[in-house]
Number of protein chains: 2
Amino acid sequence: MTQPTPSSSLNARRRRRTARDIQNATLGLALAHGFGHVTTGMIADAAGVSLRTFFNYFPNKEAALAGEPLRFKNFDFSWFRASRQPLLPDLERLLGEIVADAGIDRERLCRIEELCRTDTNLQAVFANSLQGLVDQLADLLVARMGEDARQTAELVAALVGRALANAYRASVHDDEPTSDVVVRLTIRQIHAVGALLHPVDGDERG
Amino acid sequence: MTQPTPSSSLNARRRRRTARDIQNATLGLALAHGFGHVTTGMIADAAGVSLRTFFNYFPNKEAALAGEPLRFKNFDFSWFRASRQPLLPDLERLLGEIVADAGIDRERLCRIEELCRTDTNLQAVFANSLQGLVDQLADLLVARMGEDARQTAELVAALVGRALANAYRASVHDDEPTSDVVVRLTIRQIHAVGALLHPVDGDERG
DNA sequence: CATGGAATTGCATAGTGTGCAAGTTTTGCG
DNA sequence: CGCAAAACTTGCACACTATGCAATTCCATG
């Protein structure tokens, strides 16, 4: 399992640190001047790297704002693909593993939440930063439900991605947000959407 | 009803024509060379306008590819806001009015469909071009369901937007696609998502 | 300590996007 | 008609975005 460049090597740690430095610089500058008035040059200076190095880390300033994107690691999700249980509980477990693994950085989430409150466009930026995760989830769902259901799988994956982004933002109102809180908030939103689309019995009005 | 610049004035007709010319030029160049290799300068030349004029019509080449975005006009949708019937039938009627009003240009849809097939990234581009409609729909849904349900409303609106984009693409497989076809395809997808989130009785496995 | 690979950087260059001012065309009205 | 206001097009200048390449430095490994 020893990788060519172990994730604990000096190189790897510095890379993570630089990526964080760049993201923090971006968040700070965006809060101070408004994201639209922040240039890649300003970010590079504030992070202490050259402009060229900035682009070695992120393809554009939007990506720098969102930081290293959430992704499925090499976990074993065959149980999810094989399961025929109702989707939502399985999804809850799946998200639980990913979100817990990524950890919660409340400081950063607070800054992100404030940015989203002051600039509506940034909500989409952060939601889009989950696109990689959404694509991977769509693949998992297709493996679970069959190729015929690809369209539905992609819609559900996109829905989960947006709900997850909302949940991260909402979790900052908790004093000590945990991955459980984020996942619960996510599932709750998805459930509300489902109730709206398929009203049954005591569900709210459409 | 006489507007300051009626939609039938010379200016207005020329503006629509130029916008269409630019979009058609963009679609043609993207099909010929791949969207990533198309520059705004190439588009402007092919459309017979200056680069500066290109940017007077569209903020970037992605917008030029999608053309004039679908939008709610000044129709009266108070019936939708006030209704407490199940959501999907109301939504079907609402979408029917918008899609019928915009009309279906099968030629253009075919080119878009081909582009999406050859370049996965463009699916997101076209889906994003419905963002204005999605925002307006979210507002309508909030007016209907109450401010407390804003998060759910936004999720549903985003879901509808993606389903609608899928439906437009799928409608080209119909010889003579109508707005009814597009709306039906849209609703069917949304229904499938709802069934997946709230499995009842005979619904498919999760 | 030597060597290969990764990271940083500067430089050159192509493309993106906006503000402004000048010039033209269209519109609306007396 | 004829004229003034409004709308549209364009060129130009400028700042910013993004990538490829080559030189250099720094880390990893034997």
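Chain A is the first sequence line, chain B the second, and so forth, proteins listed ahead of strands; every chain is numbered from 1. Just so it is clear, the values below take in all heavy atoms, side chains as well, and ignore hydrogens, waters and symmetry mates.
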Check your understanding: In whole angstrom, what separates A:Phe54's CZ from C:dT8's P?
Key -> 14 Å
Check your understanding: Which one, C:dT16, D:dT9, C:dT9, comes nearest to the side chain of A:Thr53?
Key -> C:dT9
Review point. Atom CZ of B:Phe35 to atom P of C:dG15: distance rounded to whole Å?
Key: 14 Å
Practice item. Could you check which of C:dT9, D:dT9, C:dG15 has an atom nearest any side-chain atom of B:Thr39? Key: C:dG15
Check your understanding: Roughly how far apart are B:Phe54 CZ and B:Met42 CE, rounded to 0.5 Å?
Key -> 12.0 Å
Check your understanding: Atom NE2 of A:His37 to atom P of C:dG19: distance rounded to whole Å?
Key -> 10 Å
Review point. Whole Å only: how far is the CG atom of A:Asn60 from the C1' atom of C:dT16?
Key: 13 Å
Exercise for review: Flag the pair B:Arg111 and B:Glu107 as a salt bridge only when some basic side-chain nitrogen lies within less than 4.0 angstrom of an acidic carboxylate oxygen.
Suggested key: no
Practice item. Check whether the side chain of B:Arg52 and the base of C:dG17 form a donor-acceptor pair under 3.5 Å. Key: no
Review point. Checking A:Arg93 against A:Phe77: charged group under 6.0 Å from the ring centre and within 45 degrees of the axis?
Key: no
Check your understanding: Which nucleotide sits closest to the side chain of A:Asn56: C:dT26, C:dT8, D:dT10?
Key -> C:dT8
**Study point:** Protein-nucleotide distance (A:Ile43, atom CD1; D:dA15, atom P), rounded to Å
**Key:** 19 Å
Point to revise | Length of the CZ-C1' vector between B:Phe58 and C:dG17, whole Å | key: 16 Å
Check your understanding: What is the distance from CG of B:Asn11 to P of C:dT25, rounded to the nearest Å?
Key -> 12 Å
Check your understanding: Of B:Val172, B:Asp174, B:Leu109, B:Val181, which is the lone residue that meets side chain to side chain contact (heavy atoms under 4.5 Å, CB included) with B:Ile104?
Key -> B:Leu109
Exercise for review: Taking only the side-chain heavy atoms of A:Lys61 (C-beta and beyond), determine which of C:dT8, D:dT17, C:dC11 contains the nearest atom.
Suggested key: D:dT17
**Study point:** Ion pair B:Glu154/B:Arg150, N-O distance below 4.0 Å
**Key:** yes
Practice item. Report the nucleotide, chosen from C:dG17, D:dT17, C:dA7, that has the shortest atom-to-atom distance to any side-chain atom of A:Arg15. Key: C:dA7
Point to revise | Contact under 4.0 Å: A:Thr40 side-chain N or O vs D:dT17 OP1/OP2 | key: yes
Exercise for review: Round to a whole Å and report the spacing from CG of B:Leu51 to C1' of C:dC20.
Suggested key: 16 Å
Review point. Is the shortest side-chain N/O distance from A:Tyr57 to OP1 or OP2 of C:dT8 below 4.0 Å?
Key: yes
Check your understanding: Looking at B:Arg14, does any N or O in its side chain come under 4.0 Å of the phosphate oxygens OP1/OP2 on D:dC8?
Key -> no
